[in-house]
Amino acid sequence: MVRPLSSLISRKAAGLSGRIAVPGDKSVSHRALMLGALAVGETAIEGLLEAEDVLGTAAAVSALGAAARRDDDGVWRVAGRGVGGLAEPDRVLDMGNSGTGARLLMGILATHPFTTFMTGDASLCRRPMRRVTEPLAAFGARFVTRAGGRFPAAIVGAVDPLPVTYRSPVASAQVKSAVLLAGLNAPGTTTVIEGRPTRDHTELMLRHFGARLRIEDAGDGARAVSLSGQPELAAARVRVPGDISSAAFPLVGAALIEGSALTLTGVGINPLRTGLIATLEEMGAAISLTDVRTEAGEPVADLKVAGGRLKGVDVPAERAPTMIDEYPVLAIAAACAEGATRLFGVGELRVKESDRLAAIARGLAACGVKVEETADSLVIHGTGRPPRGGARVAVDLDHRIAMAFLVLGLLSEEPVGVDDAGPIATSFPGFVDLMNGLGARIATEGSRP
Ligand code: S3P
């Protein structure tokens, strides 16, 4: 999708206060549409994230024969085709900006006996796909990609798929999920071993739809997930929790501005996603979880945060998978905290929607913050005083870089701008209105709120 650039500017705010719900979880939304497409019967999804990435997946499953529609009650319904029941699409599937949509769907298509062509935006076309094409080839699928395993790609699904055992060299829920989803239409048992546990939404939702999974400790912190192939998945009702990765932006803004009092309702608190909360608490943030409950297998709670002063901390590499999407906004918290915050083992950030390590380092330096960057670590030197700000940050098709630097503008001495607000719509439509409703002052550049 080509959009005109629209820039935003964020100015100092007195606080973020109120009680709000954030939009639905992106990871859970993609998976609900895909498993709904592979189930027998009609799956109903409440609270689906209606953002570009997920709408792209809804369009893709529809093009594959599993019509996904939004009804007047706001519930999405997917006409499932059963495991192995998808049909060859008659056009190229455009997955937009979405690595999750693309990689998980490649897993499903690897064990469907037809050819699919897939592409995406400039960001997706520079991201590595070999991490999924390599294990998926073991099922018998073939892939034609651009140099370096890049999109666009053709996926030639296996006619007689074989089950696979794969030890993933990267801590990636997308790789794990792609292999498990491919294993759905292979006979026998497919196993993925991950060195460190990553988000387990695929496993939880597979069980919710009736698949049989075994999850075992594989020693040294590793975990093995085994799936019995060719199950009959039964259509289910899914309630999508609020996205902790979206909640992270108002949460950090409120934690940093004294006088803030914010409640975020119905946020997913899957323990493999809550590394940011643990880190903010170590930094001294006052966060509490109330009304903890379980919805469609996922733990959910209301998060309360009050503003205060934060101090720098070390964030160990082991924590990275549980907060991988939250580093951009954590870096903003670190820039405002007192003392150094050291982020270890974060090389994966270089292959997200943009090279996030470089984007964070460049943006913070432009805002007057001292930063040291290596291949896979970042040290941010906060002074305990608000950073200078006063820069216009290049977003480079990355929604989280845009939102993180708009949070910095709420605190910095001078306003902070971002050159392209468009990518925010991939994950958090309504971000600006929601933030301004809490007390932020984010406006189209040139106007004043
Ligand atoms: C996701 C996994 C993570 C994360 C992404 C969503 C998922 O990616 O960054 O935003 O839904 O499985 P990786 O698997 O590349 O770490």
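First listed ligand is number 1; within each ligand, the first listed atom is number 1.
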Which part of Arg199 is near ligand 1, with near meaning a heavy atom under 4.0 Å away: side chain, backbone, both or neither? side chain
Indicate yes or no: does an N/O atom of Glu348 lie under 3.5 Å from an N/O atom of ligand 1? no
For a quick check under 3.5 Å, do Thr100 and Gln174 share a side-chain donor-acceptor pair by atom type? yes
For Ser177, is at least one N or O under 3.5 Å away from an N or O on ligand 1? no
Looking only at protein heavy atoms, what sits closest to atom 11 (O) of ligand 1 is Ser27 OG, 2.6 Å
Heavy-atom closest pair (Ile287 atom, Glu281 atom, distance to 0.1 Å) is O-OE2, 3.3 Å
Enumerated ligand 1 atoms positioned under 4.0 Å from heavy atoms of Thr100: 1 (C), 5 (C), 6 (C), 7 (C), 11 (O)
Looking at ligand 1, does Lys352 have a heavy atom less than 4.0 Å from it? yes
So the atoms of ligand 1 within less than 4.0 Å of a heavy atom of Ser172 turn out to be 13 (P), 14 (O), 15 (O), 16 (O)
Walk me through it: do Arg237 and Glu42 pass the test salt bridge (Lys or Arg N to Asp or Glu O under 4.0 Å)? CA-CA 9 Å; Arg237 198 165 179 92; Glu42 189 176 81; over 6 Å; no
Atom 10 (O) of ligand 1: the protein heavy-atom neighbour that sits closest, reported with distance to 0.1 Å: Asp325 OD2, 2.7 Å
Does the distance from a Lys or Arg side-chain N to an Asp or Glu carboxylate O, for Glu373 and Arg362, drop under 4.0 Å? no
Would you call Arg31 a ligand 1 contact, heavy-atom distance under 4.0 Å? yes
Thr426 to Lys26 - nearest heavy-atom pair and separation: O-CD, 4.1 Å
What I want to know is whether Ala173 and ligand 1 share at least one N or O pair that is separated by under 3.5 angstrom. yes
If you take all heavy atoms of Ala178 and Val132, which pair is closest and at what distance? CB-CG1, 3.8 Å
Would you kindly say whether Arg31 and Thr202 are connected by a side-chain donor-acceptor distance under 3.5 Å? yes
